Participant: 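One structure, as structure tokens, below. Some questions next.
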Amino acid sequence: MTVRTRMAPSPTGEYHIGSMRTMLFNFAWAKKNNGQFVLRIEDTDRTRLVEGSLERTLQVVKDFGLSWDEGPVVGGPYAPYVQSERLSLYQEYANKLLESGHAYYCFCTPERLTQVREEQQKAGAPLTHYDKFCLKNSKEESEARVKAGEKHVIRYKMPADEEIQFNDLFLGPITFHTKDLDDYVMLKSDGFPTYHLAVVVDDHLMNMTYIMRGVEWIPSTPKHILLYKAFGWEMPLTGHLPNLKEVGAHKKLSKRDGTVDARLFLEEGYLPEALLNFLMLLGWNPGTEKEIYSLEEFISAFSLERVHKTDLISFDREKLLWFNGVYIRQMSVEDLWLQIVKWAATYGVDLGIDDRDHDYIIKVVALTQERLRLFSEFNELTSYFFTEPKVDKELLNK
RNA sequence: GGCCCCAUCGUCUAGCGGUUAGGACAUUGCCUUCUCAAGGCAAGGAUCAUGGGUUCGAAUCCCAUUGGGGUCACCA
């Protein structure tokens, strides 16, 4: 069977460097197996949509040197690849679940839900669940209320107590019990699906064979397993990847400590090749002492067996800087200058080179190459070649 | 709190029953060099979270504890 993997960004903000790592792994696995890598847009939360973020996400993926075989812009046999354009599909499958008795209509207001939740918390319940209030309603009654235009959602009817086990690609067997799971909402009152419904329907319809995603998805995996079972579908092989954190921190990568938006790394003057190389080693290791990998080399070396089990990896910015320096030194002087110029033009950076002739600049670049770790350091590293240094005579006398 | 996952130098990791626990980043020193880098060499740095087992033998297997993380939404 053809290996098909996907990455499904949400246009709710700027693309995160950690997501780029996950995308890289999915991309590499598809490429290694001569399969397809699919990009799908999960824009089912209309309240969090951020203007232009979809376009910027697509752009940064390209800028990092990755590409997709199917997805937005390029299309493909399973189009559309944007969930908001697939609404009728989710409704259709939600209805199937309704008919087969795996789901039910719920008319509870958000206010009632919060109230129920608060009461459960007050009573000291170990976890809060929907109280299945609407499960009592007869099918006829529910359908009549829906027909009358009453606001409703569709919930999955969680089996009383069933053991659910799945074999994580990286972590091995993981067991859950349905009694710990909620009758979660699959279809929202605005007719949009929640993640759980949409991801299962799409992954199946788009013929995905492997899913690699962050560890935060482990707890929702049993919900997906149940859906696959209810539909009678086979679930793609699924594995969960460690998240990234700041060095010395216990939490996920945060803006406080530096850049987290993938695009901003480019803007600071990191090379995509260096970034990718650094990302490869965050959750995977070849088992050899080789550390410098081109994308092609990574694709052929990548294997599922060598993906790490750890759940949190430090994003060592110091080492990333080192990688960038390595890649800068690997380039020819002419190429390096070309890249710097391109970078400056893209991000509107003034290199401060005045109108010096090319030969002079190249000499300066050659002199700077060994020292340069980041394009954004170019100015302070070379300014004295282009502008008269200002000398404070008073200071000299001292 | 319930459930789930994880645990080797400061950091990223190698290790999959017998190793002086290896490498890389960072740190320090030396060499090279007109400086700074880069490069080369070297050093320090890990009681393999703790406690029990299993075994002739455990970083490696099992259990418990501790610590950390994740998750419990009409967000993904």
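Just so we're clear, the structure is a prediction, and the values are computed from it rather than from any experiment. Throughout, a chain's letter reflects where its sequence line sits, starting with A, and its residues are numbered from 1.
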Participant: Can you see whether A:Phe315 has A:Arg317 sitting over its ring - NZ or CZ less than 6.0 Å from the centre and within 45° of the normal?
Facilitator: no

Participant: Quick one: A:Asp168 CG to B:rC5 P, roughly how many Å, whole number?
Facilitator: 10 Å

Participant: Applying a 3.5 Å limit to both distances, which nucleotide forms a Watson-Crick or G-U wobble pair with B:rC34?
Facilitator: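 Looking at the geometry, B:rC34 pairs with no nucleotide.
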
Participant: For B:rG1, which nucleotide is its Watson-Crick or G-U wobble mate, given both distances must be under 3.5 Å?
Facilitator: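 Its partner is B:rC72.
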
Participant: Nearest whole Å is fine: how far is B:rG1 P from A:Gln120 CD?
Facilitator: 19 Å

Participant: If you measure from the C1' atom in B:rC36 to the same atom in B:rC12, how many Å do you get, rounded?
Facilitator: 28 Å

Participant: Is the shortest distance from a Lys or Arg side-chain nitrogen in A:Glu291 or A:Lys319 to a carboxylate oxygen in the other one below 4.0 Å?
Facilitator: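 Yes, charged N to carboxylate O under 4.0 Å.
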
Participant: Roughly, in whole Å, what's the span from CD1 in A:Ile292 to P in B:rU13?
Facilitator: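 One finds 16 Å between P of B:rU13 and CD1 of A:Ile292, rounded.
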
Participant: What integer number of Å spans the C1' atoms of B:rG44 and B:rG10?
Facilitator: 13 Å

Participant: Begin with the C-alpha distance, continue with both residues' side-chain angles, and end with the deciding distance and a verdict on side-chain contact (heavy atoms from CB on, under 4.5 Å) for A:Phe176 and A:Asp180.
Facilitator: CA-CA 8 Å; A:Phe176 292 94; A:Asp180 301 316; over 6 Å; no

Participant: Let me know the distance between CE of A:Met158 and P of B:rC3, rounded to the nearest Å.
Facilitator: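 These atoms are roughly 17 Å apart.
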
Participant: Please determine which of A:Lys223, A:Arg155, A:Lys132 meets the salt bridge (charged side-chain N to carboxylate O under 4.0 Å, His left out) test together with A:Asp183.
Facilitator: A:Lys132

Participant: How many angstroms lie between CE in A:Met331 and CG in A:Leu336, if you round to the nearest 0.5 Å?
Facilitator: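 Here the rounded value is 5.0 Å.
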
Participant: List the protein contact pattern of nucleotides 18-36 of chain B with one symbol per nucleotide (5' to 3'): B for base contact, S for sugar-phosphate-only contact, - for none; contact means a heavy-atom distance under 4.0 Å.
Facilitator: ----SSBSS---------B

Participant: Could you identify the nucleotide paired to B:rU19, looking across every strand shown and requiring Watson-Crick or G-U wobble geometry with both distances under 3.5 Å?
Facilitator: none

Participant: Does a nitrogen or oxygen in the side chain of A:Ser314 sit under 4.0 Å from OP1 or OP2 of B:rC12?
Facilitator: yes

Participant: Rounded to whole angstroms, how far apart are NE2 on A:His308 and P on B:rC16?
Facilitator: 14 Å

Participant: Output the rounded distance in Å from CZ (A:Phe315) to P (B:rU13).
Facilitator: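 Value for this atom pair: 13 Å.
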
Participant: Do A:Thr5 and A:Phe27 have side-chain heavy atoms sitting under 4.5 Å apart?
Facilitator: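 A side-chain contact is absent here, since even the closest heavy-atom pair is not under 4.5 Å.
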
Participant: Can we call the ring centroids of A:Tyr270 and A:Trp343 under 6.0 Å apart?
Facilitator: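 Centroid separation for A:Tyr270 and A:Trp343: 6.0 Å or greater.
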
Participant: For B:rA59, give the paired nucleotide (Watson-Crick: N1-N3 plus N6-O4 or O6-N4; G-U: N1-O2 and O6-N3; both under 3.5 Å), or none.
Facilitator: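 Its partner: none found.
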
Participant: May I ask you to check if A:Arg46 and A:Phe192 form a cation-pi contact, with NZ or CZ under 6.0 angstrom from the six-membered ring centre and within 45° of the axis?
Facilitator: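 Relative to the ring axis of A:Phe192, which defines the angle, A:Arg46 lies inside both limits.
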
Participant: State the pairing partner of B:rA64; accept Watson-Crick or G-U wobble contacts with both distances under 3.5 Å, and report none otherwise.
Facilitator: B:rU50

Participant: What's A:His177 touching, base or sugar-phosphate or nothing? Going by heavy atoms closer than 4.0 Å.
Facilitator: nothing

Participant: Using Watson-Crick or G-U wobble geometry with both distances below 3.5 Å, tell me the partner of B:rA14, or none.
Facilitator: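 Check on B:rA14: unpaired, no WC or wobble geometry under 3.5 Å.
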
Participant: Look up atom CZ in A:Phe302 and atom NZ in A:Lys32, then write down how far apart they are to the nearest 0.5 Å.
Facilitator: 9.0 Å

Participant: Check the side chains of A:Asp168 and A:His240 for a donor-acceptor pair under 3.5 angstrom, ignoring hydrogens and angles.
Facilitator: yes

Participant: Between B:rU60 and B:rC9, how far is it from one P atom to the other, in whole Å?
Facilitator: 14 Å

Participant: Could you give the distance separating B:rG22 and B:rG45 at their P atoms, to the nearest angstrom?
Facilitator: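 Taking atom P in both B:rG45 and B:rG22, they lie 12 Å apart.
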
Participant: With a 3.5 Å limit on both atom pairs, tell me what B:rC9 is paired to, counting Watson-Crick and G-U wobble, or say none.
Facilitator: none

Participant: Is it true that A:Phe170 and A:Trp284 have ring centroids separated by less than 6.0 Å?
Facilitator: no

Participant: Would you mind pulling out the nucleotide paired to B:rC41, Watson-Crick or G-U wobble, both distances under 3.5 Å?
Facilitator: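 Here B:rC41 is engaged in a pair, and the nucleotide opposite it is B:rG29.
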
Participant: Which part of the nucleic acid does A:Thr288 contact within heavy-atom distance under 4.0 Å: base, sugar-phosphate only, or nothing?
Facilitator: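 Contact class for A:Thr288: none.
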
Participant: A:Arg306 near the nucleic acid: base, sugar-phosphate alone, or nothing, with a heavy-atom cut-off under 4.0 Å?
Facilitator: sugar-phosphate

Participant: For every nucleotide of nucleotides 61-76 of chain B, 5' to 3': is a protein heavy atom under 4.0 Å from its base (B), only from its sugar-phosphate (S), or from neither (-)?
Facilitator: -------BBSSSSBBB

Participant: Provide the distance between the two C1' atoms, one in B:rU8 and one in B:rG15, to the nearest whole Å.
Facilitator: 9 Å

Participant: Quantified in whole Å, what is the P atom distance between nucleotide B:rA58 and nucleotide B:rA49?
Facilitator: 15 Å

Participant: Can you tell me the distance, in whole Å, between the NZ atom of A:Lys245 and the C1' atom of B:rG10?
Facilitator: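 Roughly 10 Å, once rounded to whole Å.
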
Participant: If you measure from the C1' atom in B:rU19 to the same atom in B:rA14, how many Å do you get, rounded?
Facilitator: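 Comparing C1' positions in B:rU19 and B:rA14 gives a spacing of 12 Å.
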
Participant: Starting from C1' on B:rC5, measure out to CZ on A:Phe176 and report it in whole angstrom.
Facilitator: 8 Å

Participant: Considering only atom C1', compute the distance from B:rU11 to B:rC63 and round it to an integer number of Å.
Facilitator: 31 Å

Participant: Side chains of A:Ser314 and A:Asp316: is there a donor and an acceptor less than 3.5 Å apart?
Facilitator: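 Side chains of A:Ser314 and A:Asp316: no pair found under 3.5 Å.
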
